[in-house]
J.: 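My structure is below; once you've seen it, I'll send some questions.
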Amino acid sequence: MDKDARYAKTHEWARKEGDLIVVGVSDFAQSLLKDVVYVELPTEGTVFQKGDKAADIESVKAVEELKAPVSGEVVAVNNALEDSAEAINEDPYGEGWFMKIKPSKIEEFDELLSPEEYEKYVATLEH
Amino acid sequence: MNKKEIIQAHYQEPLVFELEPTNYPKYYAPEIPPEIMKNVPATDKLIPKEMLRKEPPKLPSVAEFQLARHYLRLAQMNYSVDTNFYPLGSCTMKYNPKINDFLSMDRRLSDVHPFQPARTVQGNIRILYETEQMLNELAGMKRTTLQPSAGAHGELTGILVIRAYHYDHGEGEQRTEIIIPDSAHGTNPATAAMAGYRTVIIKSRENGLVDLEALKAVVSEKTAALMLTNPNTLGLFEQEICEIAEIVHDAGGLLYYDGANFNAIMGRCRPGDMGFDAIHFNLHKTFATPHGGGGPGAGPVGVVEKLVPYLPKPLPEFDKKTGTYYLNFDVPKSIGKIKGFWGNFNVIVRAYAYMLSQGAEGLKRVSEQAVLNANYLKKKILECNAWTLPYAPETPRKHEFVLEGQKLKEETGISTLDVAKRLLDLGFHAPTIYFPLIVHEALMIEPTETETKQTLDKFAEAMKQIAKECHEQPELLVNAPQNTAVPRIDEVLAAKEPILSWQMYQERQTEK
């Protein structure tokens with residue numbers, strides 16, 4: 001769990017970095033997906049609304065979507081994932097980041113779950 | 001279990017292209033008689049010059065004995081419903097009786113051309129006609145197209161028929177959504193997307209069934225259809241199916257039945273009576289025809305009366321006046337053809353033979369025995385105290401059940417994948433794993449009606465042994481399988497760098 005990040009119920013994390021929001025998938029999400037083998041990232045300049053599909057994640061188990069946790073424009077993507085998708089499993093909050101978004105509604109960031117709230121939420125899913 | 005009991009043939013078998021070419025006598029196609037040849041234009045007149053081959057194709061050049069040995073050896077390395085128990089959940093891997101193959105190989109059924117005039121293939125069209133009648137009766141539908149060549153293909157056909165219906169009634173633009181429960185097969189949302197719809201996923205209730213309130217909250221004038229399988233993926237029967245149908249119908253939507261689990265209810269109840277408007281059958285599951293690589297599949301689609309005008313054409317018909325069968329191409333509102341010719345005809349013949357040999361009473365006993373076997377095996381495995389049964393544990397299952405391996409993983413670190421691999425060591429095909437996604441560390445087991453009590457007991461015994469090994473000899477599990485021809489596969493590498501053809505394989509070899 002990254003204590004500096006905030007979380008979406010769809011298991012994305014978002015972290016402030018200057019004016020930008022860095023986005024990835026949570027450790028819980030990667031543990032459910034198991035080995036990620038491929039990701040399809042958006043092109044820089046794409047504009048998303050909160051909740052839009054922003055990336056595809058393919059693992060040995062399933063194909064899932066990463067949903068934009070905040071609205072805004074993609075200003076950078078982690079192209080390294082194309083060759084080393086395993087970073088998502090090994091370092092989900094670090095090397096495994098997906099994209100940086102320039103938020104258009106910063107209040108959406110504050111509406112995301114705090115690490116504690118997300119932890120509680122995850123606990124309800126593990127029955 | 002004694003190691004020597006488990007035998008899998010293991011040959012270092014090359015590809016057929018790598019066998020040594022021989023001059024041993026071979027078979028050749030007969031010379032074409034000159035009176036026919038003189039009516040055939042020269043090759044360069046038939047085919048544009050730039051499309052003619054410059055060199056002969058690189059085909060293997062081997063003798064009959066090489067070929068026979070090659071394929072027999074591959075067959076001996078194979079695991080199949082002909083050799084063993086195959087509890088792959090949701091796939092209905094029942095034994096395929098040989099009489100089906102025997103009849104479908106009859107020359108009158110296999111050596112015919114799809115363009116032959118109807119009067120020369122009356123028996124063949126009759127088989128299509130009667131197969132359709134039997135499927136109509138089993139599902140409670142008005143008409144059924146036999147063309148689709150697989151379950152997912154049937155789904156797409158059914159949803160395109162529903163789409164055509166909405167467009168014909170002026171609601172095509174308005175109805176843009178298909179509702180699917182979160183326990184559904186992945187093909188359902190894929191089908192909806194292929195047919196141009198947005199999918200709306202609804203969560204299952206704690207008892208694993210459709211949540212009526214959640215359904216009411218999402219149905220609207222935008223709803224084109226609800227896709228459902230009953231019993232669902234957890235093996236649970238949707239008891240409120242009539243209420244579900246009413247909610248969807250009241251909103252102007254239609255109900256699509258995914259026939260994946262039809263083996264659980266065949267002859268007992270009918271999707272048509274539950275309120276479904278369209279259904280696909282998986283002939284390769286319920287009707288004992290070969291699966292996938294064992295031969296093409298078939299996914300006939302049955303519909304209620306109001307959807308009949310949109311079915312693919314042609315439909316087989318019987319003309320009472322002349323007492324002859326014919327193919328009816330006069331279906332003006334048809335969505336068109338979705339498969340060449342008449343569908344996978346010889347697969348349909350197998351299903352026809354299966355239904356006739358079982359008879360109506362026999363088909364009832366099939367579903368009865370399939371459900372009994374599943375519930376017996378479920379009870380035996382739960383006695384191991386290693387796996388749990390999530391969602392309404394007290395409710396009997398239908399044809400299959402889904403176990404959760406979360407407790408075992410927390411206690412021993414052994415995952416469902418390890419358990420599945422260890423089952424291979426003990427001589428069993430693994431169940432479906434990690435599906436449905438709403439169960440953690442899922443093991444999905446469908447024994448089918450084929451198996452004897454002895455086999456089910458042996459499998460339960462193997463699971464019991466594995467449960468013990470998880471605690472006492474975990475290394476046996478994490479290193480499994482050891483007794484098979486091929487050890488554990490690197491799934492990540494296979495997904496990242498797939499070798500999909502002989503050509504790719506050769507390129508990789510030269511790169512090395």
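Just so it is clear, the model here is predicted, and its values are computed rather than measured. Order of the sequence lines sets the chain letters (A, B, ...), proteins ahead of strands, with each chain counted from 1. Just so you know, these numbers use all the heavy atoms, side chains as well, and skip hydrogens, waters and symmetry mates.
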J.: Taking all non-hydrogen atoms of both residues into account, name the closest pair between A/G51 and A/K67 and its distance.
T.: O-CD, 3.5 Å
J.: Checking heavy atoms, do the side chain of B/I433, its backbone, both or neither come under 4.5 Å from chain A?
T.: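 When you check distances to chain A, no heavy atom of B/I433 falls under 4.5 Å.
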J.: May I ask you to decide whether A/D19 forms a salt bridge with A/K16, counting only side-chain N to carboxylate O separations under 4.0 Å?
T.: no
J.: Using 0.5 Å steps for rounding, measure from the CD1 atom of A/I106 to the OG atom of A/S71.
T.: 10.5 Å
J.: If I measure from the heavy atoms of chain B, does A/E58 come under 4.5 Å with its side chain, its backbone, both, or neither?
T.: neither
J.: So if I apply the side-chain contact (heavy atoms from CB on, under 4.5 Å) rule between B/E177 and each of B/T199, B/V200, B/L226, which one comes out positive?
T.: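 That would be B/V200.
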J.: Which region of A/V63, side chain (C-beta onward) or backbone (N, CA, C, O), has a non-hydrogen atom less than 4.5 Å from a non-hydrogen atom of chain B, or is it both or neither?
T.: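 When you check distances to chain B, no heavy atom of A/V63 falls under 4.5 Å.
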